[in-house]
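Structure, as structure tokens:
These values consider heavy atoms only, across backbone and side chains, with no hydrogens, waters or symmetry-generated copies.
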Amino acid sequence: MSGTVKWLSVVISPQQIDDINVLGTIEVAPPGSGSLCLLCKGGRMLCGKLGCPIIAKAQSLVKYQNLIESESIQGSTPPGVFVGRAGYPKVSIGPMVPPYFGDTEILDTPELWIGKSINEIIDYRFSLVRGKVRTSIFDTQTDNQFLETLQELAMGSRPTDSEALLTRKPSKTILLSDETQPFGPSAPLKSFKTSNIRVDGRIEKAFYDHDLKAADAAMQLYQDGVLVTRIQRCFSVGMFGLEARRRLVPTRWSITAVDSNISLQLIDEIKQYQTISEYRVYTFRNLDNIYVAILMPEKWSFEWIEAWFPGTTWNVDGKAAEMMGDYEGYGGRTTYASVGGCYYSTRLAVAEKLSMERRQASTLVLREIHPGYILPVGVWNVRESIRSSLRTTPNLFDSFGAALRFAMSKLTIPLRNWLANSTILRNIFFQKKICDFFTEAGKPRS
């Protein structure tokens with residue numbers, strides 16, 4: 001159950017928010033009695049983070065609360081739509097509308113977020129009001145005018161003026177947890193109107209092709225230069241695939257489905273190419289994350305390992321970094337990666353880089369998540385960070401040993417820890433290739 005603002009007023013001091021009175025409109029969903037939030041109240045940083053995620057969310061809500069004080073939300077949608085997953089196959093769908101007009105594209109376009117601070121990204125999320133309608137994932141097969149409006153909106157190529165009429169004022173609720181991604185206020189939707197939607201012709205063509213498989217539609221749009229997040233948006237509202245098989249897909253699932261499908265098709269392509277001719281190391285820092293990618297002149301294989309430091313979302317009470325990862329060899333994988341969507345978003349970034357060069361490689365990508373990453377912001381962060389890293393000039397080496405030494409100099413966790421969690425590293429260190437035996441056999445005796 002939601003608590004009252006009195007609960008939040010204990011967590012956020014007047015010194016941290018100038019006008020504490022506005023908190024009277026914010027509800028709080030309290031955690032269990034053993035929560036660090038209850039003990040900390042935003043001031044003692046008991047979770048080990050460099051900033052309080054609860055305070056960051058509240059500050060964003062405060063910025064927009066004066067603009068969200070009625071049942072009518074008027075503004076320029078980026079355009080943005082969402083499909084929830086709670087209650088699947090009955091899910092909540094609806095538009096996302098900020099309470100102001102103008103060029104709002106950046107609010108729901110993660111490709112533009114690299115270089116933005118975590119507080120700016122939270123602001124983008126919290127500025128979008130979600131109007132919710134409960135529906136079935138199979139309503140793509142019915143005459144559902146509201147869904148058709150959302151699909152037309154998802155095809156939009158630029159922000160669209162709109163009005164969402166809600167059944168009540170949007171609820172501004174903060175869950176006292178550092179594990180939840182930031183999402184803006186929401187309320188059930190009574191009606192929704194848009195004006196002058198400019199449709200992207202590339203997406204429209206795929207939408208009306210009822211004989212084109214969903215995976216093929218996603219790849220076709222990707223090759224035509226449509227942003228991955230826009231493909232994911234349309235995929236979620238059931239716009240692609242054979243007509244009888246179209247379904248609504250929760251936004252979170254659609255992101256990974258598109259990343260996975262596109263990367264698989266790119267991998268099939270790059271396996272036809274020659275390997276790169278050197279060892280490469282790419283490095284990148286973003287939102288207190290350190291990324292290191294090692295590309296090796298070998299046939300395709302891929303591994304992703306992430307290390308969550310104490311005080312981060314998935315390692316709040318730990319004493320040392322918690323590491324997890326997944327691997328695939330040349331033949332690919334048959335099970336879902338245990339680390340989730342980040343595996344597929346990284347694989348896409350690597351595969352598209354190799355595809356552009358018409359080369360293949362074995363790739364090991366390492367990520368350290370430090371306490372400045374105060375709350376998860378989505379797998380887009382990994383995809384766009386790896387993309388940005390792979391656009392930089394790499395450090396080149398003639399041997400794996402030299403490349404690995406350089407890579408380790410950019411990370412804080414020692415090599416032995418990565419070795420214990422890496423299939424690629426263990427294969428290199430402890431397994432010999434057939435060609436190694438031939439090389440040894442051909443050596444002259446001393």
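Taking the six-membered ring for Trp, F302 and Y343 have ring centres closer than 6.0 Å. Between W304 and Y344, the ring center distance fails the sub-6.0 Å criterion.
Summarising the geometry, atom CE belonging to M323 is positioned 9.0 Å from atom OG belonging to S422; distances are rounded to the nearest 0.5 Å. Y330 OH to I267 CD1: the interatomic distance, rounded to the nearest 0.5 Å, is 11.0 Å.
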Should E278 and R280 be marked as a salt bridge (Lys or Arg N to Asp or Glu O under 4.0 Å) after you check the CA-CA gap, both sets of side-chain angles, and the distance that decides it?
-> CA-CA 6 Å; E278 69 286 309; R280 307 179 189 175; 2.7 Å; yes

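Between the side chains of R247 and T140, no donor N or O sits under 3.5 Å from an acceptor N or O. Judged by distance alone, the side chains of S72 and E163 do bring a donor and an acceptor atom under 3.5 Å apart.
A214 and F235 get closest at one heavy-atom pair: CB-CE1, 3.9 Å.
Applying the side-chain contact (heavy atoms from CB on, under 4.5 Å) test between R347 and each of E328, R383, E352, E303 identifies E328 as the sole match.
Classification of R333 and D326 as a salt-bridged pair holds, one side-chain N sitting under 4.0 Å from a carboxylate O. With respect to the salt-bridge test (charged N to carboxylate O, under 4.0 angstrom), the residues R198 and E152 do not qualify.
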Pairs under 3.5 angstrom only: tabulate donor-acceptor contacts from the side chains of residues 390-405 to other protein residues two or more places apart or in another chain.
residue	atom	partner	partner atom	Å
T392	OG1	S389	O	2.5
S399	OG	A402	N	3.2

